[in-house]
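Following: one structure in structure tokens, then a few remarks.
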Amino acid sequence: MLLKNLNPSQKEAVLHTEGPLIIFAGAGTGKTRVITHRVAYLVSKGVNPYNILAVTFTNKAAGEMKKRIEEIVPDKGGDVRISTFHSFCTYILSAEASAFGINPDFLIYDMAEQAKVVKECLTELGLDEKKYKPSWVVNRISRAKDELNLPLDVEAKALADGDFYQQIIAKIYRLYQEKLERYGALDFGDLIMQTVLKLQEHADILAKYREKFKYILVDEYQDTNHAQYTLTQMLAEKHKNICVVGDDDQSIYSWRGADINNILEFEKDYPDCKTVKLEENYRSTPKILSMAWSVIKNNNDRVDKRIWTQNGEKGEVSVFRSLNENDEAARIAGMILDNKENFNHNLSDFAVFYRTNAQSRALEDGLRRNGIPYTIVGSLKFYERAEIKDIMAYLKLIHNPNDNVSFKRIINIPKRGIGKTSIDKLEEFANSKKISLFEAIKFIDTNTVTKSSLTGLNNFRILIKNFINLKSVKTVREIVEQVITETGYLKELELSDNPEAKSKAENIQELVSAIEDFQRRSPDNSLSGYLSQIALVSDIDSWENTSDKVTLMTLHLAKGLEFKNVFIVGLEEGLFPIGESAYDQVELQEERRLMYVGMTRAKENLYMSWAAERTVFGKTKWNVPSRFLLEAGFKEQLSDTSARNIAANFNYASNFSRGNEIQKNTFIDIDEPKRIKDDSPYSIGTTVSHPAFGNGKIIEKSGAGDDLKLVVLFSNGQWKKLIAKFANLTII
DNA sequence: ACCGTCGCCATTTTT
DNA sequence: TGGCGACGGT
């Protein structure tokens with residue numbers, strides 16, 4: 001019964017319950033089905049659900065898995081531990097807080113909060129924010145944590161390498177860690193790293209969890225970083241019933257620390273492991289798969305496998321060119337309307353994927369103009385709005401008064417007459433006494449701050465104290481309602497004549513109902529439970545494809561999803577593959593995997609698009625179509641006789657093997673798009689010879705007379721912008 | 001202490 | 001082009 005409807009490989013994966021197992025699950029090959037059936041099979045064989053751990057990367061995936069397992073094994077499925085890496089670690093750290101010696105009320109800092117702490121560090125260390133950009137430093141610290149490196153390790157390595165910059169990073173990192181500890185906060189990286197380190201320190205506790213989680217399953221294994229890898233190895237060490245599922249071709253998070261070698265080397269880690277490859281695809285048409293294959297096969301470092309399908313052929317796979325991003329959006333809108341009408345598709349059957357969030361704006365405009373409803377997944381994040389963050393900061397401070405970041409955010413919101421000078425003074429005092437800002441209010445007098453500031457600070461302290469006292473008697477919803485009224489936050493919005501105030505107030509009401517919702521459905525409906533849950537939600541988690549709207553999202557967010565009709569837009573060199581990634585084999589391969597992920601989301605129709613011209617930062621640039629389109633086999637469609645399409649014959653091969661002086665920028669600037677009367681011998685398409693660069697074709701010209709500028713594409717793939725007067729060109 | 005203006009930077013992707 | 005942060009004027 002459990003094994004019915006499974007193909008032979010799927011069945012093999014489900015039945016192999018003892019010992020290490022790696023499942024290479026290609027796109028659309030029924031991975032979730034295998035995982036859920038495997039867990040159900042374990043339970044049906046008599047394994048205690050309590051002994052099973054399944055780890056995923058998003059709450060959405062965890063939730064779906066949970067739901068489906070409960071459907072198959074109704075009364076026991078709920079006891080299986082299914083969670084993301086981060087929430088799993090949060091659970092361990094909370095449960096063992098006292099043994100581990102960490103603050104049981106720890107908060108989880110997001111990137112914005114991390115950056116705030118880094119800024120504090122820079123100020124204290126007297127470092128320049130321009131030279132040590134906070135977001136960049138945060139990134140360095142996060143990557144160090146992914147590698148389980150403490151400040152000490154980073155410093156040692158920096159000294160060994162003689163890397164001065166990295167030595168400074170190590171210094172910042174050390175102070176940053178001290179601050180997090182004082183504030184009672186952990187960042188994303190800490191959740192994993194601290195779990196690993198503390199378990200390594202506490203053999204008895206590690207033994208307990210090893211015994212508990214006899215069966216471990218890790219989904220999206222290609223996305224695990226070193227810390228996550230170590231954690232799973234540690235837990236699985238005794239029973240070795242570790243099953244990892246993934247697809248190296250869909251590894252797209254290396255920039256976030258994911259190490260593709262974890263999946264590539266599993267068979268080395270466990271020489272006696274069983275390997276199963278799921279290659280039959282149930283999602284897409286043969287056309288789509290063969291095109292996706294012709295792209296991904298260009299990658300070298302991949303496990304040999306190829307997905308295939310018995311599905312019938314239908315739909316279309318095509319590429320189209322637009323003039324610019326607005327034209328692109330308009331065409332997409334038109335195609336969606338046509339397609340919807342002629343084939344009776346719903347709007348929810350359409351998705352548009354792009355490489356960068358910035359591309360969504362033009363697409364939105366185009367859809368809106370055509371009256372097509374859409375949802376954007378990922379941008380305009382609810383919990384990143386200022387008003388929501390303000391209220392959340394109140395909740396965080398109430399939960400954990402040591403949280404100086406939240407304190408500083410709201411100390412003067414709404415206005416209490418406390419300015420920067422007073423806060424600086426307070427901070428100085430607090431630092432000297434090694435206490436929190438909140439605590440420090442108690443000890444200061446008018447020697448430290450002005451009288452009016454002191455009054456404001458004391459009022460704030462009483463306000464928060466009262467909220468803290470409510471914690472044990474009121475629900476989270478009741479607390480948040482008191483916060484928005486008693487702080488005067490809502491009143492200020494209501495009285496404001498700012499046009500955005502109304503929507504801010506509405507957002508806050510939405511927050512209240514979200515909290516109410518949380519309270520109703522969550523088993524741990526405490527303030528602490530709420531805060532940690534919110535810290536760990538991702539963009540994709542809250543998205544459901546239910547309403548009849550077109551979905552817009554980045555290619556990264558598209559992983560794991562499927563749509564009847566898919567548009568992949570902005571397929572231009574420099575945009576996708578992005579930036580200079582084309583000049584780095586490792587990066588280019590990751591871009592290619594991203595393309596592969598995008599293509600394999602489509603069930604019936606796959607449309608790819610590139611725009612000849614695109615405006616970025618208010619500057620218009622000419623584009624060359626993405627090499628991925630050529631790899632997909634669109635060579636003919638991309639070349640015609642018009643000047644613009646000379647670009648389509650751009651010599652990727654020579655450009656690819658990074659020569660010494662190859663110009664990196666594949667965009668061509670056009671400073672003067674307007675054509676001036678032209679009496680020069682040079683015209684677009686003319687072949688010319690340059691004394692230094694050799695032969696090339698003129699692909700763009702601007703200006704006239706002495707000002708005549710030419711863009712020449714030389715045979716080595718290099719672009720040059722030349723002033724005709726000085727360039728010494730000969731026409732061939 | 002608060003508000004406005006100016007200038008700089010950015011767009012890769014995010015649990 | 002737009003959003004955010006720093007700085008200076010009141």
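Along DNA chain B, the nucleotide closest to Arg143(A) and the one closest to Arg416(A) are compared, and the more 5′ of them pairs with Arg416(A). If Gln228(A) and Ile418(A) are placed on DNA chain B by their nearest nucleotide, the residue sitting closer to the 5' end is Ile418(A).
Using a 4.0 Å heavy-atom cutoff across all strands shown, Asn412(A) reaches sugar-phosphate atoms only and no base atom. At a threshold of 4.0 angstrom between heavy atoms, the contacts of Leu557(A) are confined to the sugar-phosphate backbone, with no base atom among them. Nucleic acid contact class of Thr421(A) (heavy atoms, under 4.0 Å, all strands): sugar-phosphate only. Residue-level contact check: Ser453(A) touches the backbone only, with heavy atoms under 4.0 Å from sugar-phosphate atoms and none from bases. When heavy atoms are screened at a 4.0 angstrom cut-off, Ser422(A) is found touching the sugar-phosphate backbone but no base atom. As judged by a 4.0 angstrom heavy-atom cut-off over every strand, Lys60(A) is placed among residues making no nucleic acid contact. When heavy atoms are screened at a 4.0 angstrom cut-off, Phe188(A) is found touching base atoms of the nucleic acid. Using a 4.0 Å heavy-atom distance criterion, Thr84(A) is classed as making no nucleic acid contact.
In this structure, the ring of Tyr183(A) has its center no less than 6.0 angstrom from the ring center of Phe407(A).
Listed pair Asn357(A) / dT14(B) meets the phosphate criterion, a side-chain N or O lying under 4.0 Å from OP1 or OP2. Taking 4.0 angstrom as the limit, Lys130(A) places none of its side-chain polar atoms (N or O) nearer than this to OP1 or OP2 of dC8(B).
With respect to the salt-bridge test (charged N to carboxylate O, under 4.0 angstrom), the residues Asp187(A) and Lys145(A) qualify.
For a distance-only test at 3.5 Å, the side chain of His86(A) qualifies as a donor-acceptor partner of the base of dT15(B).
The side chain of Ala358(A) sits closest to dT11(B) out of dT14(B), dT11(B), dC3(B). Between dC2(B), dC9(B), dT15(B), one nucleotide has an atom nearer to the side chain of Lys415(A) than all others, and that is dC2(B). Distance from the side chain of Met111(A) is smallest to dT14(B) among dT14(B), dC9(B), dC2(B). In this structure, the nucleotide among dT13(B), dT15(B), dA1(B) sitting nearest to the side chain of Thr356(A) is dT13(B).
Comparing the P positions of dT13(B) and dC4(C) gives a spacing of 15 Å, expressed to the nearest Å.
One atom, CD1 of Ile423(A), and another, C1' of dC2(B), lie 13 Å apart when rounded to the nearest Å. Between Gln114(A) atom CD and dT15(B) atom C1' there is a gap of 11 Å when expressed in whole angstrom units.
Side-chain atoms of Asn412(A) come within 3.5 Å of backbone atoms of Gly417(A) as a donor-acceptor pair (strictly under, hydrogens ignored). Within the 3.5 Å criterion, the main-chain N or O of Val295(A) finds a donor-acceptor partner in the side chain of Asn298(A).
Aromatic stacking of Trp255(A) on dT13(B): satisfied, with centres closer than 5.5 Å and planes within an angle under 30 degrees.
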(request) Go through the steps to decide whether Tyr132(A) and Tyr165(A) satisfy the test ring-ring contact (aromatic ring centres under 6.0 Å, His included), and finish with yes or no. (result) CA-CA 9 Å; Tyr132(A) 300 92; Tyr165(A) 186 79; 5.1 Å; yes

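Among all heavy-atom pairs drawn from Leu395(A) and Leu531(A), the shortest one is O-CD1, 4.0 Å. Nearest heavy-atom pair, Ile192(A) versus Ala227(A), reported as atom, atom and distance to 0.1 Å: CG2-CB, 3.6 Å.
Residue Arg368(A) places its CZ atom among more than 12 non-hydrogen atoms of other residues, nucleotides or ligands, all under 6.0 Å distant.
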(request) Using a 4.0 Å heavy-atom cut-off, write out nucleotides 1-10 of chain C from 5' to 3' as B (base contacted by protein), S (sugar-phosphate only) or - (no contact). (result) BS---S----

